Amino acid sequence: MRKKVLDKKFFDRSVLEVAPELLGKFLVRKYRGHEHASMIVETEAYGAAHDKASHARSGKTARNAPMFDGPGTIYVYLTYGMHWLLNLVVDKKEYPSAVLIRGLEGVTGPARLTKKLQIGKGLNRKTLGKASGLWVEDRGVVIEKSDIKKTPRVGVDYAGVWAKKPYRFVLKK
DNA sequence: ACGATGATGAAC
DNA sequence: TTCATCATCGTA
């Protein structure tokens with residue numbers, strides 16, 4: 001089986017290009033000496049230009065600083081006081097955009113997958129790769145455009161017109 | 001349908 | 001320094 005670790009170049013593009021392309025790729029997490037790989041089946045794009053649903057909507061802050069660190073950065077944050085959410089930063093440095101990983105094969109829900117893969121604040125602002133223990137692999141799964149369903153993003157009703165944009169990408173079974 | 005639970009950002 | 005808000009989930 002062909003295996004290729006996605007590098008910085010893959011993430012150094014528009015978030016609207018990268019988010020759908022992550023479907024079918026494998027998220028690999030190494031902890032306690034074991035590697036756990038699961039296929040990504042659901043993503044959401046944040047930060048395209050002046051996205052009012054993005055954490056970067058009010059400029060750079062202590063929380064969203066990782067979004068400005070450039071492609072391949074890991075952005076993990078706490079939401080609702082109890083859930084960690086995983087984002088992969090894309091596009092060029094100082095241009096905040098990120099892809100929220102919402103679901104893996106067999107693990108649906110952005111907070112569930114971080115719990116299962118033991119992803120927490122310790123990974124925040126680290127870089128994707130074997131050194132950090134979290135990376136993404138292309139294992140040769142081919143996804144047709146017709147296999148991708150686009151829908152509005154979840155939980156962002158407050159964002160006005162931005163709440164309606166079809167920036168959520170789901171892999172059909 | 002709703003409570004848990006705490007960091008965040010904006011107002012005062 | 002206070003307050004409403006949240007990229008959610010489990011239980012009812």
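Residue numbers start from 1 in every chain, and the chains themselves are labelled A, B, ... in the order their sequence lines are given, proteins ahead of strands. Computed from a predicted structure; not experimentally measured.
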Is it the case that more than 12 heavy atoms not belonging to A:Lys8 sit under 6.0 Å from its NZ atom? no
Counting only heavy atoms not in A:Lys164 (residues, nucleotides, ligands), do more than 12 fall under 6.0 Å from its NZ? no
Minimum heavy-atom distance A:Asp51-A:Tyr46, with the two atoms named: OD2-CA, 3.7 Å
Over all heavy atoms of both residues, which pair between A:Glu137 and A:Arg139 is shortest? Give the atoms and the distance, please. OE1-NE, 2.7 Å
Output field: ring centroids A:Tyr77/A:His55 closer than 6.0 Å: yes
Tell me which nucleotide, if any, is Watson-Crick or G-U wobble paired with B:dG3 when both distances must be under 3.5 Å. C:dC9
Across every strand shown, the nucleotide meeting Watson-Crick or G-U wobble geometry with B:dA11 (both distances under 3.5 Å) is C:dT1
If the P atom of C:dT2 is compared with that of B:dT5, how far apart are they to the nearest Å? 23 Å
Evaluate the side-chain proximity of A:Val5 to A:Leu128: yes if any heavy-atom separation is below 4.5 Å, no if none is. no
N/O-N/O pairs, protein side and nucleotides 8-10 of chain B side, under 3.5 Å:
| residue | atom | partner | partner atom | Å |
| --- | --- | --- | --- | --- |
| B:dG9 | OP1 | A:Thr61 | OG1 | 2.9 |
| B:dA10 | OP1 | A:Ser58 | OG | 2.9 |

What nucleic acid atoms does A:Tyr46 come within less than 4.0 Å of, heavy atoms only: base, sugar-phosphate, or nothing? base
Whichever of A:Tyr158 and A:Lys115 has the more 5' nearest nucleotide on DNA chain C, that residue is A:Tyr158
Counting distance only, does the side-chain N/O of A:Thr108 pair as donor-acceptor with the main-chain N or O of A:Gly106 below 3.5 Å? no
Quick one: do A:Lys126 and A:Asp69 make a salt bridge, cutoff under 4.0 Å? no
Whole-Å gap separating C1' (B:dT5) and CH2 (A:Trp84): 13 Å
Please find the earliest and latest nucleotides of DNA chain C, in the 5' to 3' direction, that have an atom within less than 4.0 Å of any heavy atom of chain A. C:dC6 to C:dG10
